[in-house]
Visitor: 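Structure below; questions to follow.
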Amino acid sequence: MTTNNHIVYIVDDDLRVREALGELLASHGMRAMAFGSAGDYVGADKPDLPACLILDVELPDINGLDLQRQIAAGDHPPIVFITGHGDIPSSVRAIKHGAVDFLTKPFSDADLMAAIHAAIAQDREMRSERADLRVLRERYLELTPREREVLPLVVSGLLNKQAAAELGISEVTLEIHRRNVMQKMAAASLADLVRIAERLKIPVTHSRRAGGS
């Protein structure tokens with residue numbers, strides 16, 4: 001029975017390879033979508049599921065390594081390269097740019113399945129991280145302009161009186177804004193808020209000045 005909570009994409013110009021891989025995946029209860037070219041893969045509608053991309057290096061329209069580079073900026077599944085003409089520079093390039101594995105034909109079913117499972121597990125983790133980041137961004141957007149000014153001052157380590165002086169407000173008002181920031185960002189502690197700011201890449205341009213108390 002084929003599972004529906006993940007999917008494997010196969011991009012190979014050899015129909016026999018696509019069919020063989022599809023049968024292998026089906027025997028392991030895994031859903032697959034196969035494409036004969038990079039263009040077909042890129043242009044296809046894909047389900048929003050954890051995935052793995054099995055990618056041939058030599059394709060009719062583009063080199064698989066070049067496709068890896070082109071899609072690197074987007075949210076794409078982890079790649080398992082397969083090729084009948086493997087070489088060390090190509091494998092090094094593929095792994096350096098994030099490929100899970102680089103398999104030279106003929107490869108064993110066990111090696112391929114191990115790479116696929118690793119890729120899907122990696123994609124699940126990346127998807128979870130992206131989802132968490134989306135939540136943090138949504139929370140950040142709920143902050144008022146003043147609270148967005150307070151946040152980097154707080155995580156920089158400035159004392160309340162120093163941060164208040166920086167913004168030209170009273171220490172009591174600063175404390176109110178700080179409490180609101182903590183609540184809206186769902187930060188359990190200052191250390192938690194610092195980690196959140198790092199994940200959101202909020203620039204911190206201040207540091208705690210010596211002698212402040």
Side-chain angles (χ1 to χ4, degrees), residues 3-9 42 44-53 67-80 93-101 115-213:
T3 183
N4 290 316
N5 62 1
H6 57 256
I7 190 167
V8 179
Y9 302 112
V42 172
D45 291 328
K46 307 176 189 68
D48 186 15
L49 293 170
C52 166
L53 171 58
L67 176 63
Q68 179 190 31
R69 178 180 54 81
Q70 289 182 13
I71 64 178
D75 296 335
H76 67 86
I79 297 172
V80 174
R93 174 182 169 187
I95 299 300
K96 181 179 179 180
H97 289 88
V100 173
D101 211 337
I116 290 171
H117 285 300
I120 292 174
Q122 180 178 312
D123 198 33
R124 288 188 194 280
E125 183 176 350
M126 291 190 300
R127 283 170 167 268
S128 177
E129 291 177 356
R130 290 197 296 266
D132 290 344
L133 187 58
R134 282 195 296 270
V135 170
L136 293 179
R137 286 171 175 161
E138 290 170 0
R139 290 173 182 168
Y140 181 75
L141 291 175
E142 293 176 359
L143 299 181
T144 65
R146 177 62 86 185
E147 289 164 356
R148 292 180 195 173
E149 292 179 323
V150 167
L151 194 159
L153 297 178
V154 170
V155 299
S156 71
L158 293 182
L159 300 177
N160 284 348
K161 64 185 298 183
Q162 294 173 320
E166 189 75 33
L167 296 175
I169 59 178
S170 71
E171 188 172 349
V172 172
T173 300
L174 188 283
E175 290 173 349
I176 292 173
H177 288 313
R178 174 174 176 154
R179 184 169 60 250
N180 289 341
V181 169
M182 297 287 288
Q183 291 176 345
K184 289 182 180 180
M185 297 306 299
S189 64
L190 176 57
D192 194 18
L193 188 64
V194 170
R195 286 190 289 270
I196 290 171
E198 290 175 346
R199 290 198 65 189
L200 292 174
K201 294 181 170 55
I202 295 173
V204 177
T205 57
H206 296 76
S207 61
R208 184 169 176 170
R209 292 187 288 273
S213 61

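Hydrogens, waters and symmetry mates play no part in the numbers below; they use all other heavy atoms, side chains included. Predicted, not measured: the structure shown is a model, and the values here were computed from it.
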Visitor: In Å, rounded to the nearest 0.5 Å, how long is the span from CD of Glu147 to CZ of Arg179?
Guide: 11.0 Å
Visitor: Pick out which of Arg130, Arg127, Lys46 makes a salt bridge (charged side-chain N to carboxylate O under 4.0 Å, His left out) with Asp75.
Guide: Arg130
Visitor: So how far is it from Arg178 CZ to Thr173 OG1, rounded to the nearest 0.5 Å?
Guide: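 If we round to the nearest 0.5 Å, Arg178:CZ and Thr173:OG1 are 14.5 Å apart.
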Visitor: Grab the two heavy atoms, one from Ile116 and one from Val80, that are nearest each other, plus how far apart they are.
Guide: N-CG2, 4.4 Å
Visitor: Please report the interatomic distance CD(Gln162) to CD(Glu171), rounded to the nearest 0.5 Å.
Guide: 10.0 Å
Visitor: If you measure from CG on Leu158 to CG on Leu174, what distance do you get to the nearest 0.5 Å?
Guide: 9.0 Å
Visitor: Have a look at Val155 and tell me which of Ile202, Val194, Val181, Ile196 forms a side chain to side chain contact (heavy atoms under 4.5 Å, CB included) with it.
Guide: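 Of the listed options, the one satisfying the test is Val194.
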Visitor: Would you say the side chain of Asp192 lies within less than 4.5 Å of the side chain of Arg195, judging by non-hydrogen atoms?
Guide: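 They are in side-chain contact.
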Visitor: Can you name the nearest heavy-atom pair linking Arg146 to Ile169, along with the distance?
Guide: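 For Arg146 versus Ile169, the nearest heavy atoms are NH2-CG2, 3.9 Å.
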Visitor: Would a 4.5 Å heavy-atom cut-off, applied to side chains only, mark Glu149 and His177 as touching?
Guide: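 Counting from C-beta outward, Glu149 and His177 never come under 4.5 Å.
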Visitor: Take Leu151 and Met185 through the test side chain to side chain contact (heavy atoms under 4.5 Å, CB included) and record every step on the way to the result.
Guide: CA-CA 10 Å; Leu151 194 159; Met185 297 306 299; 4.3 Å; yes
Visitor: Closest approach of Pro152 and Pro203, non-hydrogen atoms and distance?
Guide: CB-O, 3.6 Å
Visitor: Which heavy-atom pair separates Gly98 from Gln122 by the least distance, and what is that distance?
Guide: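 Nearest pair, atom of Gly98 first, then Gln122: O-NE2, 4.5 Å.
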Visitor: Check whether Gln68 reaches the backbone of Ala94 with its side chain - one donor and one acceptor, N or O, closer than 3.5 Å.
Guide: yes
Visitor: Might you point out which heavy atoms bring Ala118 and Val100 nearest each other, and give the distance in Å?
Guide: CB-CG1, 4.0 Å
Visitor: Would you give the length of the straight line joining atom OG of Ser128 to atom CG of Asp123, rounded to the nearest 0.5 angstrom?
Guide: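 Spacing of OG (Ser128) from CG (Asp123) equals 11.0 Å.
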Visitor: Is any side-chain heavy atom of Leu133 less than 4.5 Å from a side-chain heavy atom of Leu200?
Guide: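 Sidechains of Leu200 and Leu133: in contact.
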Visitor: Enter the distance from Asp101:CG to Ile79:CD1 here, rounded to the nearest 0.5 Å.
Guide: 12.5 Å
Visitor: Are the side chains of Lys184 and Thr144 in touch, meaning some heavy atoms are under 4.5 Å apart?
Guide: yes
Visitor: Under 4.0 Å between a side-chain nitrogen and a carboxylate oxygen: does that hold for Arg139 and Glu142?
Guide: no
Visitor: Look at the side chain of Arg148 and the backbone N and O of Leu141, then say whether any donor-acceptor pair between them is shorter than 3.5 Å.
Guide: yes
Visitor: Step by step, would you call His76 with Leu53 a side chain to side chain contact (heavy atoms under 4.5 Å, CB included)?
Guide: CA-CA 8 Å; His76 67 86; Leu53 171 58; 5.6 Å; no
